[in-house]
Amino acid sequence: MTGGSDTALMQRSSQGAAAAARFTESSVADRGRHVAIIGAGFSGTALAIQLLRVASSTPLKITLIDPREEIGAGIAYAARDYPYPLNVSAGQMSLDTSRPHDFLDHVNAQGIHAAAGDFLPRQVYGEYLRARFHAARATAPAHVSCTHHRASAMQLRRAGSQPGWELWLDDGKALRADDVVLALGNPPPACPSALEPIAASHRYVRDPWSITAPSGDEIQSVLLLGSGLTMIDAALRLAALRPRVRHIHVLSRHGWLPQSQATTPRPTRLPKVREALDAARGSVLELSRALRVQAREVEAAGGDWREVFTLARPEIASQWHALDATQRTRFQRHARALWDVHRHRVPAGPLAAVHSLSRRGVLEVHAGRILEANAADDAVEVIWRPRGSQRTRAWLVDRVVNCTGPGRVSQHADPLVQSLLSNGLMRTDALDVGIDVDHDGRVIARDGRAIERLYYIGPWLRARDWEATAVPELRQQALALAELLARESPGAVKGAS
């Protein structure tokens, strides 16, 4: 955010800010501590639930700041017109580690007959998060409260000479908080430079979740850029449209589809994954080799190679910490795609449906690189080069859908993110896949100092731990951060930037 837009924001918000300041200054002694959580997707909602549950001897006010009407949805678990399935089975999606079947118990109580191995619609999980939030709020002590403020945070500033923060919102209001937690999700996919000529056209779909039945022109052919989990969802949504889409092209650098989740149980083999990874510590090449060797040995013994990744998962953060900048860059360039297709797997049913589309000639997967995309009458001409070839090829398609996954943090258009980056209150990691935080989740400023009372929780923790985008890791982060916030008191801010 530029200085001019900062000034305009201040002018528009001055009246509401004055009212908010009067309120907070007059009542801070009565209400005790105020924790503001920016973002009410999974991470923000999970943190709020844990804060409501953690015993607090002093008054605590929690404010969830998110423009959406419903909390707990975010992009991942929002209600949509198509039943996108979870990529993890119901038995592994509990919000509460002490009750591993909590999600399953909830859906069964709602009359949904599901087993632990079922892959339920994502919006059902959003409903589960909201139910657990409302239950936690209803049973919280009288001196602990939580409200949802429907707005977007635009800017974050120190509260003058007082400890804490001032949050400026897009509804013209300002809030004072002792602690602020950034629970921001992934940035939307970045528009590849080759697609810039059509970026403003309705034929370019930047949000893969917005695919709907055409209201005017018929969609006969589509290019899905990217071949990961998002592509699977987009392809199946397209296949459900009427009239039918006749041809779906899938283009990615390697042309690899995600591996399938397990369909039948196999004998447990318990390979020595930890020992193998410790012996390979610090080298992407050796770590990749160790995983391959372990997977082959398990398969040869009649087991399931997925077991290797299950056992490796708790070790990933430690292994990531041991990689220097050169090794992390090497992983990003040469090993990440292979890691992703094995680690981020898809349920067998959706993957089988995609293979069925392929067998029927509806869907084709290509390995290569897009070079150009230009409007051509009532279609888009796409020029691309197959992997390993010097010759180019061309398609005419009705839509291009961006399924490339999260964009870079530094390119996130969110005003708050840009403000924090430009003001030096936050910095991205060297790979620009997340932000730097310390071991407790405190945000690290541009000058390298951890900022007291400013935290982050969410998928940008991949910069620190890499494995930080799924429920098992994020629910643990939410619990740890809630316990930390409950222990600290709203005293003087140390090391303020």
Side-chain angles (χ1 to χ4, degrees), residues 1-29 31-39 44 47 51 58-66 149 151-184 409 412 414-428 435-438 440-458 460 481 484-485 487-497:
M1 182 178 289
T2 64
S5 58
D6 287 353
T7 302
L9 176 62
M10 295 298 184
Q11 291 172 344
R12 290 196 305 270
S13 305
S14 59
Q15 187 174 0
R22 286 194 298 272
F23 171 78
T24 54
E25 289 168 3
S26 64
S27 60
V28 68
R31 64 175 175 79
R33 190 171 185 188
H34 183 194
V35 176
I37 303 172
I38 304 176
L47 176 60
L51 280 171
T58 59
L60 173 65
K61 176 181 172 62
I62 307 161
T63 302
L64 277 167
I65 301 169
D66 193 293
H149 190 113
S152 294
M154 302 291 287
Q155 195 171 68
L156 177 66
R157 291 187 172 186
R158 284 293 185 195
S161 60
Q162 301 297 318
W165 300 94
E166 285 183 351
L167 269 168
W168 297 80
L169 310 179
D170 67 347
D171 61 0
K173 295 181 180 179
L175 300 178
R176 282 280 301 274
D178 299 294
D179 301 87
V180 171
V181 180
L182 306 173
L184 307 171
V409 175
H412 198 339
D414 182 84
L416 177 63
V417 173
Q418 289 303 315
S419 175
L420 291 170
L421 290 172
S422 63
N423 292 335
L425 291 177
M426 186 172 78
R427 71 183 187 186
T428 63
I435 62 172
D436 285 333
V437 297
D438 72 0
D440 285 326
R442 294 181 181 88
V443 175
I444 295 177
R446 183 190 298 151
D447 62 8
R449 289 185 295 170
I451 303 177
E452 295 294 329
R453 308 204 177 284
L454 178 61
Y455 303 88
Y456 177 81
I457 183 172
W460 295 352
L481 183 51
L484 174 66
L485 289 168
R487 289 196 304 269
E488 293 188 346
S489 62
V493 178
K494 299 177 290 182
S497 297

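Treat the numbers as computed from the prediction; the structure is a model and nothing was measured. Basis for what follows: all heavy atoms, side chains included, without hydrogens, waters or symmetry-related copies.
- Ile65 pairs with exactly one of Ile37, Val181, Leu167 by the side-chain contact (heavy atoms from CB on, under 4.5 Å) rule, that one being Leu167.
- The minimum heavy-atom distance between Leu64 and Gly44, with the atom names listed, is CD2-O, 3.7 Å.
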Going through the distances and angles, do Met426 and Leu454 end up as a side-chain contact (heavy atoms from CB on, under 4.5 Å)?
CA-CA 10 Å; Met426 186 172 78; Leu454 178 61; over 6 Å; no
Let me see the working for Val443 and Leu420 under side-chain contact (heavy atoms from CB on, under 4.5 Å), right down to the final yes or no.
CA-CA 10 Å; Val443 175; Leu420 291 170; over 6 Å; no
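- No side-chain donor-acceptor contact under 3.5 Å links Ser419 to the backbone of Pro415.
- Atoms CG and NE2, on Asp66 and His149 in that order, are 11.0 Å from each other to the nearest 0.5 Å.
- Here the side chain of Asp170 pairs a donor or acceptor atom with the backbone of Ser152 at under 3.5 angstrom.
- To the nearest 0.5 Å, atom CG of residue Leu51 and atom CD1 of residue Ile62 are 4.5 Å apart.
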Run the numbers on Ile451 and Arg158 for side-chain contact (heavy atoms from CB on, under 4.5 Å), then give the verdict.
CA-CA 11 Å; Ile451 303 177; Arg158 284 293 185 195; 3.3 Å; yes
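- Using modelled atom types, no side-chain atom of Tyr455 and backbone atom of Val437 make a donor-acceptor pair closer than 3.5 Å.
- Here the straight-line distance linking atom CG of Leu184 with atom CG of Leu416 works out to 6.0 Å at 0.5 Å rounding.
- For the pair Arg157 and Trp165, the cation does not sit on the ring face, since its NZ or CZ is not both under 6.0 Å from the ring centre and inside 45° of the axis.
- Taking all atoms of both residues into account, the shortest heavy-atom contact from Leu169 to Met154 is C-CG, 3.9 Å.
- Residues His34 and Thr63 share a closest heavy-atom pair of NE2-OG1, 2.7 Å.
- Ala36 approaches Ala177 most closely through the heavy-atom pair CB-CB, 3.8 Å.
- The backbone N or O of Val180 lies less than 3.5 Å from no partner atom in the side chain of Arg453, so there is not a single donor-acceptor pair.
- Arg427 places no side-chain N or O within donor-acceptor distance of the main-chain N or O of Asp447, the cut-off being under 3.5 Å.
- The two residues Gln155 and Asn423 have their closest heavy-atom pair at NE2-ND2, 4.5 Å.
- Remark: Asp440 CG to Leu481 CG distance equals 8.5 Å, nearest 0.5 Å.
- Contact between Arg442 and Ala450 at its shortest, heavy atoms only, is CB-CB, 4.2 Å.
- Looking only at distances, a side-chain donor or acceptor of Arg33 sits under 3.5 Å from a matching main-chain atom of Leu485.
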